[in-house]
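All figures in this text were calculated on a predicted structure; none of them were measured in a lab.
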Amino acid sequence: MQWTLVVPVKPLARAKSRLSDTADDGVRPGLALAFAQDTVAAALACPAVADVAVVTDDARAGGALAALGARVVPDEPRGGLNAALAHGAAAVRAARPESRVAALNADLPALRPAELALVLAAATQFPRAFLADAAGIGTTLLAAAPGRELSPAFGMDSRARHRMSGAVELRLEAVDSVRQDVDTGADLRTALALGVGPRTAAVAARLLIAGQ
């Protein structure tokens, strides 16, 4: 039971503003891109994933992620995160109406393919399901079975919003890498402790050198 993942990537120049205490304006775009590259590479290495559709209008991000094997879907709605995800899911379903579709955050640089496979296997049991982030407030993955709308409600308090929408919360152990998104310097340090992908590790190493 393979899935298509929809990964939203905002314009890199505007990405990860909350990391300003850790990375300056010249570094953050490259760091955000490294997060997305490591996330997509790990997702494509997961045996439960058939393909990845990246929704973005950023040419640099689109080119880099397409080079990894992702399909790039232009963010035609330009209406924010949830509009981008709904558009990406619709593009996937237009080509393959019976696809299992899951939205996945682009800032999971420690993502492990085996842990993602566990989450997706659990999600196959429900029409719609989601995984809360490490903070227990947001969402890192939202899944929809064939014939069901994704109906994303990401943003403030998305864990509560997805639960209220009828999606089932997946309560799994040993999937920390799928929960650990990175919005702040503290998040980045936690992800580094879990073990990030090579692109994030390279940028983080430069940050550490610059901070000495």
Worksheet item: Do the side chains of L104 and L111 get nearer than 4.5 Å, heavy atoms only?
Response: yes

Item to complete: Carefully, step by step, assess R171 and E169 under the rule salt bridge (charged side-chain N to carboxylate O under 4.0 Å, His left out).
Response: CA-CA 6 Å; R171 299 181 180 275; E169 181 171 357; 3.3 Å; yes

Worksheet item: Which atoms form the tightest heavy-atom contact between P8 and A106, and what is the distance?
Response: O-CB, 3.3 Å

Fill in: Single-linkage hydrophobic cluster V92~V7, side-chain heavy atoms < 4.5 angstrom
no

Can I get a per-line list of side-chain donor-acceptor pairs under 3.5 Å for residues 198-205, giving both atom names and the distance, sequence neighbours left out?
unit_1: R199; atom_1: NH1; unit_2: D38; atom_2: OD1; d: 3.1
unit_1: T200; atom_1: OG1; unit_2: A34; atom_2: O; d: 3.4
unit_1: T200; atom_1: OG1; unit_2: D38; atom_2: OD2; d: 2.7

Worksheet item: Tell me, which pairs form a ring pair (Phe, Tyr, Trp, His ring centres under 6.0 Å) where one or both residues lie in residues 44-66, sequence neighbours left out?
Response: none

Discussion item. Side-chain heavy atoms nearer than 4.5 Å, only ILVMFWY residues, links allowed to pass through others: does that put V178 and V196 together?
Written reply: no

Item to complete: Return each pair, listed once, that meets side chain to side chain donor-acceptor pair (under 3.5 Å) where at least one residue sits in residues 6-17; pairs must be two or more places apart or across chains.
Response: K16-D107, K16-D183

Discussion item. For a quick test of reading the model, state the closest non-hydrogen atom pair linking A191 to A110 and the distance between them.
Written reply: O-CB, 3.9 Å

Worksheet entry | Heavy-atom closest pair, residues L150 and A103 | CD2-CB, 3.9 Å

Discussion item. Taking A61's backbone N and O only, do any of them form a donor-acceptor pair with D58's side chain (distance below 3.5 Å, no angle check)?
Written reply: yes

Worksheet, complete the sentence: Distance col, row H162:NE2 vs R128:CZ, nearest 0.5 angstrom, shows 6.5 Å

Item to complete: Measure the OG1-CD distance between T140 and Q180 for me, rounded to the nearest 0.5 Å.
Response: 9.5 Å

Worksheet item: Any chain of hydrophobic side-chain contacts (each under 4.5 Å) joining V119 to V6?
Response: no

Discussion item. Please evaluate residues R71 and D51 with respect to the criterion side-chain contact (heavy atoms from CB on, under 4.5 Å), reporting the C-alpha separation (whole Å), side-chain torsions for both, the decisive distance (0.1 Å), and the verdict.
Written reply: CA-CA 8 Å; R71 169 190 176 190; D51 59 350; 5.6 Å; no

Worksheet item: How long is the gap from SG on C46 to CD on E115, to the nearest 0.5 Å?
Response: 10.5 Å

Item to complete: Decide yes or no for L116 and L5: does some side-chain heavy atom of the first lie under 4.5 Å from some side-chain heavy atom of the second?
Response: yes

Worksheet entry | Any side-chain heavy-atom pair of Q37 and L68 under 4.5 Å | yes

Fill in: Test item: L31 and L207 side chains (from C-beta on) under 4.5 Å apart, heavy atoms
yes

Discussion item. Would you say that more than 12 heavy atoms from the other residues, nucleotides or ligands in this model lie under 6.0 Å from the CD of Q2, or not?
Written reply: yes

Practice prompt. Go through the structure and list residues passing side chain to side chain donor-acceptor pair (under 3.5 Å) with S20, not counting sequence neighbours.
Written response: none

Worksheet entry | R28 side chain vs G26 backbone, donor-acceptor pair below 3.5 Å | no

Discussion item. Counting C-beta onward and ignoring hydrogens, is there a side-chain heavy-atom pair between V182 and F35 closer than 4.5 Å?
Written reply: yes

Fill in: Rounded distance (nearest 0.5 Å) linking atom CG of L194 with atom OG1 of T190
7.0 Å

Worksheet entry | Within-4.5 Å side-chain heavy-atom neighbours: D75 and T56 | no

Practice prompt. Would you please name every residue forming a side chain to side chain donor-acceptor pair (under 3.5 Å) with D21, sequence neighbours left out?
Written response: none

Worksheet, complete the sentence: So CG of N105 and OG1 of T139: to nearest 0.5 Å the spacing works out to 8.0 Å

Could you pull out every donor-acceptor pair under 3.5 Å between side chains of residues 130-137 and any protein atom, sequence neighbours left out?
unit_1: D133; atom_1: OD1; unit_2: A135; atom_2: N; d: 3.2
unit_1: D133; atom_1: OD1; unit_2: G136; atom_2: N; d: 2.9
unit_1: D133; atom_1: OD1; unit_2: I137; atom_2: N; d: 3.1
unit_1: D133; atom_1: OD1; unit_2: G138; atom_2: N; d: 3.1
unit_1: D133; atom_1: OD2; unit_2: G138; atom_2: N; d: 3.1

Discussion item. Show the nearest heavy-atom pair for residues V55 and G88, with the distance to one decimal.
Written reply: CG2-CA, 3.7 Å

Worksheet item: Does any non-hydrogen side-chain atom of L12 lie less than 4.5 Å from one of R60?
Response: yes

Item to complete: State, to 0.1 Å, how close V9 and A36 come at their nearest heavy-atom pair, and which atoms those are.
Response: CG2-CB, 4.2 Å

Worksheet item: Under 4.5 Å between side-chain heavy atoms, hopping through other hydrophobics if needed: is there a path connecting F126 to V175?
Response: yes

Discussion item. Which heavy atom of R93 sits nearest to which heavy atom of A145, and what is that distance?
Written reply: NH2-O, 3.0 Å

Worksheet item: Transitively linked via ILVMFWY side-chain contacts under 4.5 Å: L170 with V49?
Response: yes

Discussion item. Using 0.5 Å steps for rounding, measure from the CG atom of L142 to the OG atom of S158.
Written reply: 9.0 Å

Worksheet item: Step by step, would you call R96 with T4 a side chain to side chain donor-acceptor pair (under 3.5 Å)?
Response: CA-CA 10 Å; R96 296 188 301 280; T4 293; 2.9 Å; yes

Worksheet item: Do T39 side-chain atoms and L108 backbone N/O form a donor-acceptor pair below 3.5 Å?
Response: yes

Discussion item. Quick one: does any side-chain atom of H87 pair with a main-chain N or O of P74 as donor and acceptor, under 3.5 Å?
Written reply: yes

